[in-house]
Amino acid sequence: MRALQPLSSIATQRQHIVHCMPVDACCAAAASHVKASRQGATAGAAHGLSPRPASAQQHVQRSRTQVAASSGDAPTDELDARDLERLMRAAEVSQSPVGATQPHPFAGCVLVAADGRTLAEAWQRAQGTEPPECQVARLAGEAARGATAYLNLETGDCHGEAAAVEALVQAGVARVVVGLRHPLPHLRGGAIAALRGAGVAVSVLGEAPCSASQEQREAALDACLLANEALLHRAVTRRPLGLLKYAMTLDGKIATHTGHSAWVSSTASRQRVFEARAASDAVIVGGCTVRRDNPQLTTRREGGHQPARIVMSRTLDLPAEAKLWDVGHAPTIVATQRGARLDFQRMLQARGVEVLEFDFLTPDAVARYCYDRGFLQCLWECGGMLAAPAIAGGAIHKAMAFVAPKIIGGSRAPTPVGDLGFVEMTQALQLADVQWQQVGTDLLLTGYLPQSGGLRALAAAAAAADVPDAGPAAQGLVLGSSSSGSSGSSSGSSSSRSAAGVSGVRGEGAAGGTARHPGSRLEPAGVAEFYKAWDRYGCLSNFSPHPIRMPEGPMTAQRAQELHEAAQQRQRQQQQSDNGTGSSSSDSGGDSGDGEGWRQWPSVEHYYQAQKFAGSADPEAAELVQSIAAAASPEEAARLGRRAQRHRAGLLRPDWEDAKVSVMLAALRAKCATHAGPRSMLLATSGSTSSSGRGGDASPSGLELVESSPHDFFWGRGYDGSGANMLGKLLMQVRAELLQQQPPLAVAAAAAEAAAAGGTGRAQQQPAGV
């Protein structure tokens, strides 16, 4: 679980750990990074980050010298007990949005002045929101100069976006203390190298010398690891963290022999289960649970994040009426085998239930699908018959067992886990990092199964798995490492598959050119897949944290074209004004947006969702547009727009199906014209440069861009590759337009110029640019 814990409780809980890898052993694999990172004196420039201005460097050096002088020590990156306390605080505040938004990498930042005062604390609310480093720099203002920033997780809110690093550098932060290197390989070490290259001292827990006690070091490491246990599991096991929850009596029964189970556990224990649901992307049950209990599987709260409810049933022997078929409050996904009860499938789809057909349905196939969908944590609330194959197949990594002080008895009463095929006690699965605590009248046991090994083992595995850099395209010319992020796989209703071949968009047919099945992970050569903001190529996601300014009112195809032609005209005028120097400025496109009739939107997704209801005379529609604009994250904006589209269809603009592609295209043009980070990443995927990162895999027209959403057959490629991939096609169209605005040989130079100017972040915003 990732529930907030008082700092005082961490040391107490650690006293109950049965098996725990020593902190020094956990960090041994990561220690090899230190020498290489320190040798990279120019790493900041290589990662698209401009060096700190000389005046700022001198100020920081003076501040560090003054601090050292006041303590009687020479400048050093050694950590002490106070540093560890602040890292633990950063880990604690990072979890503030748990339950409010969908799980994401939990990042917190505590900014402390040279005299020890806490200047600001912040956390990232959701995917595509302002990173905490930017928040604390803004809140502290000039007081940030010479301060120390404490990060429980290495910066990496959006692949290809360096705003967080730039915020710390430009604010004059002298020192950064990092609790955990980013587990995802394409983000790991990139921000640390960029900060050091810009003159900022960086100390990483487990790598830097530390004068604190072993117990203090382990407590700080545990806090940082626990805050992102789901991210660690996803990065290392290539599966979401699978959490098996069950409640049993003292004699090991989860129900009576008749199946009655309300309630085994106490009210307090059930409240903890609701919290665990809110901290999960999905709750998974089997068909037997649906038939027997008719559960809701919600968080029992108004607002906030509601996990997807997944039902596994090979035969679809399910009731026609069930609480899970009501998707008004939370989405439901039914996973079955291909061809099972097609009439029942159609009935479910008509009610808004998503249906997945697998060639062979297994718990691991569902776990792989959830991984492709970008999920970080799945809560398995199934019975013993499904729990056993889920454990055996590696889909479950952690147990969450409530033991109630009750006795049922009976040889036919069900137990939490079915037959695993073990015949000797020596075959029993031993849990690691076991913790006990009392919850109400019950005892709660948590521990990690062997397929996990525990958080320190995962951290060591993430460090040991580091591989060489993947090249500028994978880095987005900003933060680099290697390997891939998530690639999707899911299914949706057949009505969402009909958008292939929209005029004016490059490419036809199946996205990626290869059919897939749910849970597959195949990225063909010459293809760049993107989905979540923290995944590889995350800057291209419409959920990325890049505000845009757009004209008020409904966007149409004609209006989008007029805006684009006006932007091209301004681009030509800009080039002419350069007196024949041949330089160009993509940031100059678009109306300034400073006058009336223009509005800033926090993200492309905010604008897209609001456009569904734009131009309506209905006051309800106008109110809905305002609510979407004010949504605290792209995720929450999408939730508002999608729910209104489904349940208040009368508010939807009548031309929406015809206009939505033009809406998205106009928004993407504005994003790439306004922000150098996405623009540089987009140009880096072009075959016109050698920076694609794929070498000979890139075609002359560049890498094919594929939105890898497995459940979206319009904007994404869908689980079987038959989706329209409309978002990827529109981005390729924008890429072609950008290439036309400047000579092919100048593409790499333009990207390098943007990087040298610090142009990978939101600090380089220009209005509009559609």
Novice: With side-chain contact (heavy atoms from CB on, under 4.5 Å) as the test, would you mind laying out the steps for L563 and M555 before giving the verdict?
Specialist: CA-CA 10 Å; L563 289 169; M555 181 63 64; 3.6 Å; yes
Novice: What are the two closest heavy atoms between A638 and F543, and how far apart are they?
Specialist: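 Heavy atoms only, the tightest pair is CB-CZ, 3.9 Å.
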Novice: Would you indicate whether the side-chain heavy atoms of V165 and E133 approach each other to under 4.5 Å?
Specialist: no
Novice: Using the test side chain to side chain contact (heavy atoms under 4.5 Å, CB included), find all partners of P97 that sit at least two apart in sequence or belong to another chain.
Specialist: T101, H104, F106, W123
Novice: Identify, with sequence neighbours excluded, every residue that meets side chain to side chain contact (heavy atoms under 4.5 Å, CB included) alongside A167.
Specialist: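 Expected list: C134, A137.
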Novice: For residues K532 and S541, determine if any side-chain heavy atom of one lies less than 4.5 Å from a side-chain heavy atom of the other.
Specialist: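 A side-chain contact is absent here, since even the closest heavy-atom pair is not under 4.5 Å.
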Novice: Suppose we screen for side chain to side chain donor-acceptor pair (under 3.5 Å). Which residues come up paired with E636, at least two apart in sequence or across chains?
Specialist: R125, S633
Novice: Would you say Q611 and K660 make side-chain contact, with heavy atoms under 4.5 Å?
Specialist: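 They are not in side-chain contact.
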Novice: Do you know which of C158, C539, P634 makes side chain to side chain contact (heavy atoms under 4.5 Å, CB included) with S544?
Specialist: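 For S544, the side chain to side chain contact (heavy atoms under 4.5 Å, CB included) check succeeds only for C158.
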Novice: Measuring only between side-chain heavy atoms, which start at C-beta, is Y537 closer than 4.5 Å to H186?
Specialist: no
Novice: Side chains of H711 and E354: closer than 4.5 Å at any heavy-atom pair?
Specialist: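 They are in contact (side-chain heavy atoms under 4.5 Å apart), so the answer is yes.
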Novice: If you apply the rule side-chain contact (heavy atoms from CB on, under 4.5 Å), what do you find for Q124 with E130, and how did you get there?
Specialist: CA-CA 6 Å; Q124 187 167 18; E130 185 181 25; over 6 Å; no
Novice: At their closest point, which heavy atom of R646 faces which heavy atom of V327, and how far apart are they?
Specialist: NH2-O, 3.8 Å
Novice: Are E707 and N725 linked by a side-chain donor-acceptor pair shorter than 3.5 Å?
Specialist: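 Note: E707 and N725 side chains miss the donor-acceptor criterion.
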Novice: What residues form a side chain to side chain contact (heavy atoms under 4.5 Å, CB included) with Q558, not counting sequence neighbours?
Specialist: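 By the side chain to side chain contact (heavy atoms under 4.5 Å, CB included) rule, Q558 matches T556, E562.
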Novice: Could you measure the distance from the CG atom of L727 to the CG atom of D712? Nearest 0.5 Å is fine.
Specialist: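 Spacing of CG (L727) from CG (D712) equals 9.0 Å.
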Novice: Which atoms form the tightest heavy-atom contact between T674 and P547, and what is the distance?
Specialist: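 Minimum heavy-atom separation between T674 and P547: CG2-O, 4.4 Å.
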Novice: Return yes if some donor-acceptor pair links the side-chain N/O of H675 with the main-chain N/O of G677 below 3.5 Å, else return no.
Specialist: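 Side chain of H675 to backbone of G677: no pair is present.
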Novice: Which donor-acceptor pairs under 3.5 Å do the side chains of residues 612-623 make with protein atoms, sequence neighbours left out?
Specialist:
residue, atom, partner, partner atom, Å
K612, NZ, Q609, OE1, 2.8
K612, NZ, Q645, OE1, 2.7
S616, OG, D618, N, 3.1
D618, OD1, E620, N, 2.8
E620, OE2, R648, NH2, 2.5

Novice: Working to the nearest 0.5 angstrom, can you tell me the gap between L540 CG and L730 CG?
Specialist: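 It comes to 12.5 Å.
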Novice: Please find the pair of heavy atoms, one from P545 and one from D157, that lie closest to each other, and give the distance.
Specialist: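 The pair with the smallest heavy-atom distance is CG-OD2, 3.9 Å.
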Novice: Identify, with sequence neighbours excluded, every residue that meets salt bridge (charged side-chain N to carboxylate O under 4.0 Å, His left out) alongside D655.
Specialist: R653
Novice: In terms of side-chain heavy atoms, does R735 have a donor or acceptor partner in T685 at a distance below 3.5 Å?
Specialist: yes
Novice: Using 0.5 Å steps for rounding, measure from the NE2 atom of H159 to the CG atom of D535.
Specialist: 10.0 Å
Novice: Can you pull the ring-ring contact (aromatic ring centres under 6.0 Å, His included) pairs that have at least one residue in residues 647-674, sequence neighbours excluded?
Specialist: Y608-W656
Novice: For R643, what residues pass the side chain to side chain donor-acceptor pair (under 3.5 Å) criterion, not counting sequence neighbours?
Specialist: none
Novice: Can you sort out the partners of R639 under side chain to side chain donor-acceptor pair (under 3.5 Å), two or more places apart, ordered by chain and number?
Specialist: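 Residues passing side chain to side chain donor-acceptor pair (under 3.5 Å) with R639: E635.
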Novice: Mind checking the CG-CZ spacing from L731 to R669? Nearest 0.5 Å is all I need.
Specialist: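 If I round to the nearest 0.5 Å, the distance is 11.5 Å.
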Novice: In plain terms, say whether E565 and R559 are close enough for a salt bridge, that is, a side-chain N and a carboxylate O under 4.0 Å apart.
Specialist: no
Novice: Side chain to side chain donor-acceptor pair (under 3.5 Å) with Y607: which residues, sequence neighbours excluded?
Specialist: none
Novice: Would you mind checking if R188 and E154 are paired as a salt bridge, meaning a charged N to carboxylate O distance below 4.0 Å?
Specialist: no
Novice: Please step through side-chain contact (heavy atoms from CB on, under 4.5 Å) for the pair F530 and R536, ending with a clear verdict.
Specialist: CA-CA 6 Å; F530 63 95; R536 196 177 179 205; over 6 Å; no
Novice: Do T155 and P131 come close enough that some side-chain heavy atom pair is under 4.5 Å?
Specialist: no
Novice: Let's go through E161 and H546 carefully: what are the C-alpha distance in whole Å and the side-chain angles of both, what is the deciding distance for side chain to side chain donor-acceptor pair (under 3.5 Å) to 0.1 Å, and is it a yes or a no?
Specialist: CA-CA 9 Å; E161 173 58 70; H546 296 102; 2.4 Å; yes
Novice: Might you point out which heavy atoms bring G156 and L187 nearest each other, and give the distance in Å?
Specialist: O-CD1, 3.5 Å
Novice: Do the non-hydrogen side-chain atoms of P678 and M681 ever get within less than 4.5 Å of each other?
Specialist: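 Of all side-chain heavy-atom pairs linking M681 with P678, none is under 4.5 Å.
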Novice: Mind checking side chain to side chain contact (heavy atoms under 4.5 Å, CB included) for Q569 and listing every partner two or more places apart, or none if nothing turns up?
Specialist: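 Side chain to side chain contact (heavy atoms under 4.5 Å, CB included) list for Q569, sorted by chain: R572, Q573.
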Novice: Run the numbers on I333 and L356 for side-chain contact (heavy atoms from CB on, under 4.5 Å), then give the verdict.
Specialist: CA-CA 7 Å; I333 302 169; L356 297 171; 3.6 Å; yes
Novice: Just how far is it from atom CH2 of W601 to atom CE of M550, taken to the nearest 0.5 Å?
Specialist: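 CE of M550 is found 10.0 Å from CH2 of W601.
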Novice: Specify the closest pair of heavy atoms between T129 and A632, including all atoms of both residues, with the distance to one decimal.
Specialist: CG2-O, 3.3 Å
Novice: Run the numbers on F713 and Y719 for ring pair (Phe, Tyr, Trp, His ring centres under 6.0 Å), then give the verdict.
Specialist: CA-CA 8 Å; F713 281 77; Y719 78 89; 5.8 Å; yes
Novice: Can a donor-acceptor pair be found between the side chains of K671 and S603 at a distance below 3.5 Å?
Specialist: no
Novice: Rounded to the nearest 0.5 Å, how far apart are CG of L682 and SG of C672?
Specialist: 5.0 Å
Novice: Side-chain contact, heavy-atom cut-off 4.5 Å: E704 with V706?
Specialist: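 Counting from C-beta outward, E704 and V706 do come under 4.5 Å.
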